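Below: the structure, in structure tokens.
Quantities reported herein were computed from a predicted structural model and do not represent experimental measurements. Indexing begins at 1, ligand by ligand and atom by atom, following the structure's order.
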Amino acid sequence: MEKAVFVALDYANEQEVAQLLPKLGAAQETYLKIGMELFYHSGSTLVKKLSEQGYHIFLDLKLHDIPNTVYHAAKQLAKLNVFCITIHALGGSEMIKAAKDGLIAGTPAGQSVPKLLAVTELTSISDSILQDEQNCQLPMNEQVVSLAQTAQKAGADGVICSPLEVENLRSQIGSDFLYVTPGIRPAQTSNGDQKRVATPKEAKEYGASAIVVGRPITQAANPQMAYQAIKKEFN
Ligand code: C5P
């Protein structure tokens, strides 16, 4: 299977999505990331519809609650036939395990269990927030590795991380784990608000398992050409 390039659908509603999708190509070859904004508007109906059409869906809702609540939420999400979902590793090993158990329990017979990906520290968390507000004594890179290890031991299938963190994480955690990275910018495209970026080729060289790309595709003059070029560069 080719390595996935997920297009971030950072849109407010399904009408905006409907304008983009025909420009991306065949559903079976298209990977989409749906986050909170679109999900809170269009919900599971849209996710189900897109997965039934053959799109591969990364459902990025970043669950973080008590284990019992996360178990039942994950059980519901497993019915949507998505490729993967996200949780916060900061919710702890019991919560991560509950998410995994919920996914397994909720997946209908004959469907694949969605992959469980953990967010470690958000890239918006600076070293000073980590120390002064989260009262964490570890430097950021060690904290990210520690959270990824916790996630792996608790049953997560991978982590979301910066492309610049993949090599270090892979060396400490191993290859039997997914490393999915946003912050991708092809050469000659604008960084926008992203600070620590890599090209698709660099992400591949660092060892990313899959990448997430938004504006360089969704705001391109020709989204299909941009998507194909990024897929080619990453694979
Ligand atoms: O448009 P752009 O390529 O920057 O979009 C990246 C996508 O990945 C957005 O949906 C953004 O919310 C998400 N993301 C990110 N950095 C993280 C986690 C998620 O850019 N650390």
message: Return the closest protein heavy atom for atom 2 (P) of ligand 1 as residue, atom name and distance.
response: Arg185 NH2, 3.4 Å
message: If you count heavy atoms of other groups shown closer than 6.0 angstrom to CD of Gln15, is the number above 12?
response: yes
message: Does ligand 1 come near enough to Thr123 that some N or O of the ligand is less than 3.5 Å from an N or O of the residue?
response: yes
task: Examine Arg215 against ligand 1 and note whether any of their N/O atoms are separated by less than 3.5 Å.
output: yes
field: Side-chain ion pair, Arg215 and Asp10, N-O less than 4.0 Å
entry: no
Gln131 and Asn135 side chains, donor-acceptor separation under 3.5 Å: no
Phe83 ring center within less than 6.0 Å of Phe58 ring center: no
- prompt: Within the structure, does Ile184 bring an N/O atom to less than 3.5 angstrom of an N/O atom in ligand 1?
  reply: no
- request: Please report which non-hydrogen protein atom sits nearest to atom 12 (O) of ligand 1, along with the residue it belongs to and the distance in Å to one decimal place.
  value: Lys33 NZ, 4.3 Å
Nearest protein heavy atom with distance in Å, relative to atom 20 (O) of ligand 1: Gln194 NE2, 2.8 Å
message: Tell me whether Lys201 is salt-bridged to Glu205, with the criterion being a basic N under 4.0 Å from an acidic carboxylate O.
response: yes
query: Among protein heavy atoms, which sits nearest to atom 10 (O) of ligand 1, and what does the distance come to when rounded to 0.1 Å?
result: Asp10 OD2, 2.8 Å
Atoms of ligand 1, numbered as shown, that sit under 4.0 Å from any heavy atom of Val212: 7 (C), 8 (O)
query: Would one find more than 12 heavy atoms of other residues, nucleotides or ligands at under 6.0 Å from atom NZ of Lys115?
result: no
field: Closest protein heavy atom to atom 8 (O) of ligand 1, given as residue, atom name and distance to 0.1 Å
entry: Pro182 CB, 3.5 Å
message: List ligand 1 atoms under 4.0 Å from Ala8, heavy atoms only on the residue side.
response: 7 (C), 10 (O)
- request: Please say whether the positively charged group of Lys33, taken as NZ for Lys or CZ for Arg, lies over the ring of Phe6, i.e. under 6.0 angstrom from the six-membered ring centre and within 45 degrees of the axis.
  value: no
